[in-house]
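Beneath this line is the structure, given in structure tokens, with notes to follow.
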Amino acid sequence: MFKKMRDNAPCWCKSGKRYGECHKEYDQMISRLKEAKKKIPSRKIIKNEMQIQGIRESSKINIAVLDYVAEHIRIGMSTEEINTLVYEKTTEMGGIPAPLNYKGFPKSVCTSIGSQVCHGIPSVNDVLEDGDIINVDVSTIYNGYFSDSSRMFMMGNVHPEARRLVEVTKESINVGLSQVVPWQPIGNVGAAIHEFAQENGYTVVREIGGHGVGLQFHEEPFVCFVSDWNTGMIMAPGMVFTIEPMINMGEADIFIDADNEWTVYTDDGMPSAQWEVTVLVTEEGYEILTY
Ligand code: MF3
Ligand code: CO
């Protein structure tokens, strides 16, 4: 597997530090886990301190953009106007909206209302109404580094059942975060979230999940939110990924809009909610980069 490196050689993570003082112990741990047949992360998704700093800076813009949306979002506003808010705030701060032209996505942000699960495309025709719940998913590139987060907004008088869905989904992020423990398998994050959602009478979308992020928009691993305990890739310090469960009030089944080939809906037309954070695995636990 890994080439044996000399202690004095520069570390493979490109920190500029000597290997013996950088990722040597890390590699020893990885070797042990590999022998124990665990799924280990490839080196290319392990970020060094400089890259982490870059992702932190990107995340600051990402958070500021969502704060800006939170300040301005209101009943009567179209999702196209949210798109404008995101584009203008992001570019004003020196960033680039990652979704824009990503695999043909036509806008700067995803806006998903009600039974839309994710990847809603902003439009002048979609106007926020009293009682709507909406997810605004902002992804940012700054200085080449990617960050990603989303929040739910509740417009005016939201039905108590929809409100509970939004709140439980928000709480599920904390449930997932509690399982971000270095050297443990990432399946624990999804297993905990899935159990929590089920206890609350909800279902979790299976086909779409979180992802590694930072140097690219979507990196390994895929983060499933219906995973089994003690499965999946080991969470190693230096990994950055998103926790972004989509939780449905009704059944878990979904379909993709055949016209735009993007927007995902619940099959049964019941509401869906999603919150998303970007998290860094550290030696001690984790650091939340976006929220
Ligand atoms: N945060 C979403 C994701 O990671 C953003 C998708 S942007 C889109 O899937 F362009 F792909 F829609
Ligand atoms: Co994401």
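What's counted below: heavy atoms across the whole structure, side chains too, no hydrogens, waters or symmetry copies. For ligands, and for the atoms within them, numbers begin at 1 and follow the listed sequence.
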Report task. Find all atoms of ligand 1 within a distance of less than 4.0 Å from any non-hydrogen atom belonging to H119, and give their numbers and elements. Result -> 6 (C), 9 (O), 12 (F)
Query - Contact check: D148 to the Co ion (ligand 2), N/O/S below 2.8 Å - result: yes
Query - Atoms of ligand 1 close to D148 [distance to a heavy atom under 4.0 angstrom, numbered from 1] - result: 1 (N), 4 (O)
Query raised in the report: Is any side-chain N of the basic residue among R164 and E167 closer than 4.0 Å to the acidic one's carboxylate O?
Result: no
Query raised in the report: Should the ring pair H211 and H218 be called parallel, tilted or perpendicular, given that the plane angle runs from 0 to 90° and is split at 30 and 60?
Result: perpendicular
Query - Atom of E276 nearest the Co ion (ligand 2) (restricted to N/O/S, atom name only) - result: OE2
**Report entry** Angle at the Co ion (ligand 2) (to 10°), with one arm to OE2 of E244 and the other to NE2 of H211
**Finding:** 80°
**Report entry** Sidechain N-carboxylate O distance under 4.0 Å for E92, K89
**Finding:** yes
Query - atom 1 (N) of ligand 1 - nearest protein heavy atom and its distance - result: D137 OD2, 2.8 Å
Query raised in the report: In terms of ring plane angle, is the pair F255 and Y265 parallel, tilted or perpendicular, where the classes change at 30° and 60°?
Result: parallel
Query raised in the report: If we only count heavy atoms from C-beta on, is the Y19 to R6 side-chain gap below 4.5 Å?
Result: no
Report task. Identify the two heavy atoms, one from R206 and one from C224, that lie closest to each other, and give their separation to 0.1 Å. Result -> O-SG, 4.5 Å
Query raised in the report: Do any N/O atoms on Y102 end up under 3.5 angstrom from N/O atoms on ligand 1?
Result: no
Report summary line: shortest atom 8 (C) of ligand 1-to-protein heavy-atom contact is with W262 CZ3, 3.8 Å
Requested in this report: Can you establish whether the number of heavy atoms outside E71 located under 6.0 Å from its atom CD is more than 12?
Outcome: yes
Query raised in the report: Can a salt bridge be assigned to the pair K39 and E220 using a cut-off of 4.0 Å between side-chain N and carboxylate O?
Result: no
**Report entry** For H218, the ligand 1 atoms whose distance to one of its heavy atoms is below 4.0 Å
**Finding:** 3 (C), 4 (O), 9 (O)
Query raised in the report: What are the atoms of ligand 1, with element, lying closer than 4.0 Å to any heavy atom of E276?
Result: 1 (N)
Query raised in the report: Has K103 got any heavy atom lying under 4.0 angstrom from an atom of ligand 1?
Result: no
